[in-house]
Peer 1: 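Dumping the structure here so I can ask a few things about it.
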Amino acid sequence: KRPYDFFDIKGVYEIIRELLAVEINITTDARPSYMEEETVSLCIGKEPVGFLGRVERTVLEEVYDIKRDVFYAEISLDGLPDKDIFEQKFVSLVRYPSVTNDISFVVDKKVSHADIYKNIIKLNIKELENVEIYDIFEGKNIPKEKKSMTYALLFRSDERTLKGEEVRERVDRILDSLKKSFHIQLRTL
């Protein structure tokens, strides 16, 4: 419904970086000849491993007859230090059910999903299997400098079915950490 921009491709890159579990830094040096100024290099330390940005309009129009912006990212897997992340790994089938608990809160606009995600993961909660954001809202009933974020937290134990109070204790631990770090205000779902 809206045109893509540089921050869309940067968001995709952030997801890939998290999946690869590698610290890839953004720098602003050289760019390929078919990329516009809105382009950054991706480096591990000082070693370039790729880039992301907007493709030149002249290339799009003259070569491909495309009339809108196109954003492109390239990451060299050869440049990654830990190639075993691509090896197939097998895990046994799940024996115990999962429990999903949704949390919703209001936080300053400057706080990113990455900030929240890192804060939750740092708690090292063994039974926390997945943290997924599924809503960010700004507007009616939310202060101008704030946004609402809603997450689904999936808990599961490999040893037994989790009890409701165990899940609640872990959710409370997460919420306490977010309150201390980002001064969140809970919302009811």
Side-chain angles (χ1 to χ4, degrees), residues 1-80 85-86 100 102-122 130-154 174 178 181-189:
K1 303 237 178 192
R2 66 165 178 78
Y4 290 113
D5 62 22
F6 177 80
F7 295 102
D8 292 306
I9 191 70
K10 188 171 179 285
V12 171
Y13 150 76
E14 293 288 344
I15 292 167
I16 292 169
R17 187 178 75 163
E18 280 183 26
L19 290 172
L20 295 176
V22 174
E23 191 58 42
I24 303 173
N25 302 306
I26 291 179
T27 62
T28 54
D29 36 320
R31 61 187 168 89
S33 60
Y34 55 91
M35 303 295 278
E36 292 213 10
E37 291 76 31
E38 237 178 73
T39 301
V40 295
S41 295
L42 306 175
C43 299
I44 296 177
K46 293 187 184 218
E47 190 65 35
V49 293
F51 56 89
L52 60 91
R54 184 162 41 106
V55 179
E56 286 272 3
R57 284 193 179 91
T58 54
V59 172
L60 293 172
E61 291 173 7
E62 294 171 11
V63 179
Y64 298 103
D65 195 30
I66 297 174
K67 305 277 189 254
R68 60 183 185 177
D69 287 337
V70 172
F71 294 85
Y72 176 84
E74 182 176 308
I75 300 174
S76 169
L77 300 180
D78 292 333
L80 299 179
I85 59 174
F86 300 105
T100 301
D102 294 347
I103 58 172
S104 186
F105 51 85
V106 175
V107 67
D108 287 342
K109 280 185 181 180
K110 65 183 178 191
V111 177
S112 71
H113 162 63
D115 296 331
I116 299 292
Y117 181 82
K118 286 177 190 172
N119 186 280
I120 293 171
I121 295 304
K122 274 191 218 173
N130 193 32
V131 176
E132 186 174 330
I133 187 165
Y134 67 86
D135 187 44
I136 298 177
F137 175 75
E138 296 176 27
K140 189 176 181 185
N141 299 327
I142 305 292
K144 194 174 185 177
E145 69 284 349
K146 306 272 186 181
K147 64 183 170 184
S148 170
M149 301 177 84
T150 304
Y151 285 81
L153 307 172
L154 185 115
I174 290 167
L178 295 175
S181 299
F182 306 110
H183 310 289
I184 67 164
Q185 297 169 326
L186 288 178
R187 295 186 73 206
T188 54
L189 293 174

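Because the structure is predicted, anything quoted here is derived from the model rather than measured. Just so you know, residue 1 is the first one in the sequence shown, and it goes up from there.
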Peer 1: Just grab all the salt bridge (charged side-chain N to carboxylate O under 4.0 Å, His left out) pairs involving residues 139-153, residues at least two apart or on different chains.
Peer 2: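 Listed by first then second residue: D108-K146.
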
Peer 1: Drop me the distance from K10's NZ to I26's CD1, to the nearest 0.5 angstrom.
Peer 2: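 The distance works out to 4.5 Å.
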
Peer 1: Just list the side-chain donor-acceptor pairs under 3.5 Å for residues 60-67, sequence neighbours left out, or say none.
Peer 2:
from	atom 1	to	atom 2	distance (Å)
D65	OD1	K67	NZ	2.9

Peer 1: Under a 4.5 Å cut-off applied to non-hydrogen side-chain atoms, are N119 and F182 in contact?
Peer 2: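 Yes - at least one pair of side-chain heavy atoms lies under 4.5 Å apart.
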
Peer 1: Start with the C-alpha distance between L52 and V40, add both sets of side-chain angles, then the distance that settles side chain to side chain contact (heavy atoms under 4.5 Å, CB included), and finish with yes or no.
Peer 2: CA-CA 6 Å; L52 60 91; V40 295; 3.9 Å; yes

Peer 1: Find the distance between CD1 (I133) and OG1 (T150) and round it off to the nearest 0.5 Å.
Peer 2: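 Between atom CD1 of I133 and atom OG1 of T150 there are 7.5 Å.
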
Peer 1: What's the spacing between F105 CZ and R187 CZ if we round to 0.5 Å?
Peer 2: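 One finds 11.0 Å between CZ of F105 and CZ of R187.
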
Peer 1: Over all heavy atoms of both residues, which pair between P48 and C43 is shortest? Give the atoms and the distance, please.
Peer 2: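 For P48 and C43, the tightest heavy-atom pair comes out as CA-SG, 3.8 Å.
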
Peer 1: Are D115 and K110 ion-paired here, with the side-chain N under 4.0 Å from a carboxylate O?
Peer 2: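 Looking at D115 and K110, the cut-off is not met.
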
Peer 1: Heavy atoms, side chains only, cut-off 4.5 Å: are L153 and T100 in contact?
Peer 2: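 Not in contact.
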
Peer 1: Write down the atom of P3, the atom of D8, and the distance for their closest heavy-atom approach.
Peer 2: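 So the minimum-distance heavy-atom pair works out to O-OD2, 4.3 Å.
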
Peer 1: Say you draw a straight line from CE of M149 to CG of L178; how long is it, rounded to the nearest 0.5 Å?
Peer 2: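 M149 atom CE to L178 atom CG measures 9.5 Å (nearest 0.5 Å).
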
Peer 1: Measure across Y134 and D102 and return the closest heavy-atom pair with its distance rounded to 0.1 Å.
Peer 2: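 Looking at all heavy atoms of both residues, the closest pair is OH-OD2, 2.8 Å.
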
Peer 1: Would you compute the distance between atom CG of D69 and atom CZ of R54 and round it to the nearest 0.5 angstrom?
Peer 2: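 Those atoms lie 5.0 Å apart.
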
Peer 1: How far apart are the C-alpha atoms of F51 and Y72, what are their side-chain angles, what is the distance that settles it, and do they pass the side chain to side chain contact (heavy atoms under 4.5 Å, CB included) test?
Peer 2: CA-CA 8 Å; F51 56 89; Y72 176 84; 3.7 Å; yes

Peer 1: Using every non-hydrogen atom in the two residues, find where F71 and Y4 come nearest and quote the distance to one decimal.
Peer 2: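 Reported closest heavy-atom pair: CE1-O, 3.4 Å.
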
Peer 1: Can you tell me how far CD of Q185 sits from OG of S104, rounded to the nearest 0.5 angstrom?
Peer 2: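 It comes to 12.0 Å.
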
